[in-house]
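For reference, the structure discussed in these notes is given below.
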Amino acid sequence: MNSLKTEIQLRHIAIIGNPNAGKTTLFNALTGMRQKVGNYPGVTVEKKEGRIIFEDGSEAVLLDLPGTYSLTANSPDEKIATDILLGRVDHTPLPELVVCVVDASNLERNLYLISQIIDNRLPAVVALNMFDVAERDGLKIDIQKLSAELGVKVIPTVGSKSLGIEELKAAIAGHVEPSSRSRQWILPAPVQEECDELKGLLQQMHRLSEPIAFHEAIVLLTSPSALSEHNDRFAPGLIEHVKRDHQKLDLLGIDRHSVVVESRYEWIKRVCSAATVSHRRRGMSASDKIDQILTHRVWGFVIFIGLMTIMFQSIFSWANVPMELLGDSFNWVGAQVYAMMPAGDLRDLIVNGAIGGVGAVVTFLPQIIFLFLFIGFLEDTGYMARAAFIMDRMMSKVGLHGKSFIPLLSSFACAIPGIMATRTIESRKDRLVTMLVAPLVSRSARLPVYALMIAAFIPRKTVLGIFSLPGLTLVAMYLLGLTAALSMAWVFKKTLLKSEAPAFIMELPPYKMPSFKSVLLHMWERSILFLKRAGTIILGVSIVLWFLATYPKLERASPSEQLNQSFAGRAGHLIEPIIKPLGFDWKIGIGLIGSILQREVFVSTMGTIYNIKDAKHERGNVSLREHLQQDVDPVSGVPTFTALTAICLMVYYVLAMQCMSTVAVVRRETNGWKWPLFQISYMTALAYSVTFIVYQIGLVLAEG
Ligand code: GDP
Ligand code: MG
């Protein structure tokens, strides 16, 4: 009856572990379909919650936390996990039990987090997952010994085959005890002394419990960014104390940043050697052998470029048919509604505004699906980590981390998933730089513009025997975007967001067979997200645009006079002087204004402007193409569009922001308007100046 009350009374259990340890798989197995997905308040980190039902019929709330390697990490996803386990998040109760998912085939790395959880005296149960992988690798783990060393229950599981789930459930039911063993690892004496003193101060001044005070003391003493990031959480006196401690330890020649990590790993090594009997075959594992080729300086790069080429080729060619089908269905729906409704503004609004606008965007769904299918497979097999490793050499030249490459890669289809993918980047500044340049690489929204311009104005010539000029133009536009992104990243790292190039410490997880289920699920989640976002924003934009191009109404005006006098037309005339130096007239101006919200709107706006009945759906539309080719200035008789105008338009669209959904996502991810506004400004300025240069040089060349 009273669901709120029972919710509060239920036990809260959190699942934690390294990324890819199998948390979500176990979460699904434990909760079945009883789950809901939301966001943590104030941040855009996904919150997954479910119900677990025990043998005796009692229930508990199970929380699937974001993957993390430690409780001292800094990326937003990892921070949330830490904050919840330390009871720092409002409205999320401190979990009464933590289920630690450990990748058995990677015991050492996974135990780092466990050691922190034990330190914090959190009641815990360990799920020793990927037990099958460990066995396959010839790794024998003594469960009893491991359990004794850690002082917590250890249950072997194989999440992907639902093995060990009942045992895990039984271990969870009614379990409330923290580890039976106290802190085992030892800090060097001077560090330990400072740490104890600071811990005492924290307990006194901030009323923290012993384990939490110990955790905070370690973070304050050893984290490189401790003082800047935790400044406002602690009393000024305490911060001063920490500063003195830092000086003291630095004078002793102690490397504060690594001392804790090293001490913990010493303990971990002891635990591991006590609990494992390794029969690992001598020599290289299969993974190592594959890596010799795939991460090779030359071959790795060649293979990587090859894979990417195949990926984009197939995304575009496979997506073609479903995209056309989707476009046709929207046309069909539009036509049906058109036939059913009486003539008038409302019909126009629904058919041209709403259905046309939303349709134009939804048409891109197949590309999005294929992209995430590919990315999902590459991630699940473990190849993506190698790609980042290879690209790190290039990225480090502009001062970015290899990790920044994945968001850029995801941006190829649409900047939004790319910007969301920056959450894996730890350094705040690097994350910002990546976000700022990600829209420069994004592709698919620009494709309709490119396709239209190339088809109309780039002659079908063959160059050097095998390349076609239209194809080369397209490649040139892609390369321009990538070059611009890397150059701007370099500029930002040198100026606005100065910080050291991060060291590349990235471990390469072993290759494994991808799981169809998780790839498909991932793809499904992302597609829904895309539809929701694009759908709501685009619908609004399309309606507004339709109003602006339709009102104020004139008596007995021809459609083109009507457009001329509409709000949109007037706006076009207003900005004409500004865009004239780029070779654009007022009609292109309307297209530019309309497409501020979404690039592909340019094409549909051109369709409306040139007043062609069926030009709503743009790709390969012959009549719109011909209209563009034939349009001349009524006074001077000069063609509106030339090959040069077309190139200038494409260059402009490569570099300009022109996507409000991206702006909205950047605002959410950065929690404010400062960065998205900066991003719009710099990209518009960049687009304007480069287009200006291209046009002016083009004019000179044309005369000469
Ligand atoms: P998370 O990042 O910790 O949530 O990890 P996931 O639950 O998404 O799992 C990562 C991958 O490992 C998926 O492809 C799973 O199908 C796979 N997986 C999960 N548990 C096991 C296991 O016990 N054995 C094997 N071989 N694969 C597993
Ligand atoms: Mg997960």
Side-chain angles (χ1 to χ4, degrees), residues 13-33 35 37 45-50 52 62-70 73 75-78 80-81 84-85 98-107 109-114 117 125-139 141 143 154-169 285-287 372-385 406 420-421 423-424 507-526:
I13 301 174
I15 296 191
I16 186 119
N18 292 182
N20 288 319
K23 296 176 299 300
T24 305
T25 311
L26 287 178
F27 172 83
N28 290 339
L30 287 169
T31 58
M33 293 319 282
Q35 31 175 287
V37 182
V45 176
E46 211 173 64
K47 177 178 185 172
K48 236 178 176 168
E49 223 177 45
I52 175 169
L62 196 64
L63 199 59
D64 184 17
L65 293 180
T68 180
Y69 292 107
S70 76
S75 82
D77 275 10
E78 292 174 304
I80 269 288
I84 286 183
L85 288 190
V98 182
V99 177
C100 309
V101 180
V102 165
D103 176 353
S105 65
N106 242 316
L107 202 52
R109 162 167 49 91
N110 281 249
L111 284 183
Y112 193 85
L113 177 64
I114 307 291
I117 286 172
V125 168
V126 166
L128 195 57
N129 198 39
M130 306 268 178
F131 207 66
D132 55 333
V133 182
E135 279 186 335
R136 194 194 60 203
D137 288 355
L139 194 69
I141 299 174
I143 309 280
V154 175
I155 315 292
T157 58
V158 181
S160 50
K161 296 194 188 106
S162 289
L163 296 178
I165 304 299
E166 288 313 314
E167 291 83 348
L168 182 60
K169 240 187 202 176
S285 70
S287 256
F372 278 108
L373 200 62
F374 267 105
I375 292 184
F377 268 108
L378 293 181
E379 256 170 10
D380 224 42
T381 49
Y383 182 76
M384 222 41 150
I406 292 173
M420 296 199 303
R423 285 182 200 161
T424 55
E507 79 188 280
L508 300 177
Y511 291 100
K512 56 171 168 251
M513 281 303 285
S515 133
F516 264 100
K517 211 168 120 193
S518 73
V519 170
L520 288 180
L521 199 69
H522 182 76
M523 184 193 86
W524 170 253
E525 282 172 1
R526 294 298 135 197

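Keep in mind the model is a prediction, meaning the values are calculated, not measured. As the structure lists them, so they are numbered: ligands from 1, and atoms in each ligand from 1.
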Ligand 1 contact on Asp380 by region, counting heavy-atom pairs under 4.0 Å: side chain
Asp103 side chain near Asn18 side chain, heavy-atom distance below 4.5 Å: no
Any Gly67 heavy atom less than 4.0 Å to ligand 1: no
Atoms in ligand 1 flagged as close to Ser515, the criterion being non-hydrogen separation under 4.0 Å: 14 (O), 16 (O)
Side-chain heavy atoms of Val98 within contact of Ile15, under 4.5 Å: no
From Leu163 atom CG to Leu168 atom CG, the distance as rounded to the nearest 0.5 Å: 12.0 Å
Interfacing atoms of ligand 1 (cut-off 4.0 Å, heavy-atom, Val158): 22 (C), 23 (O), 24 (N)
Atoms in ligand 1 flagged as close to Thr24, the criterion being non-hydrogen separation under 4.0 Å: 1 (P), 4 (O), 7 (O)
Contact check, Ser518 vs ligand 1, heavy-atom distance below 4.0 Å: yes
Flag, side chain of Asn110 to backbone of Asn106, donor-acceptor distance under 3.5 Å: yes
Val133: numbered ligand 1 atoms lying under 4.0 Å from its heavy atoms: 26 (N)
N or O pair under 3.5 Å between Ala21 and ligand 1: yes
Identity of the nearest option to atom 18 (N) of ligand 1, non-hydrogen atoms only, from Lys48, Met130, Lys517, Lys23: Met130
Test side chain to side chain donor-acceptor pair (under 3.5 Å) applied to Tyr383 - qualifying residues, sequence neighbours left out: none
Side chain to side chain, Leu65 and Leu85, heavy atoms closer than 4.5 Å: yes
Heavy-atom check, side chain of Leu107 versus side chain of Leu128, under 4.5 Å: yes
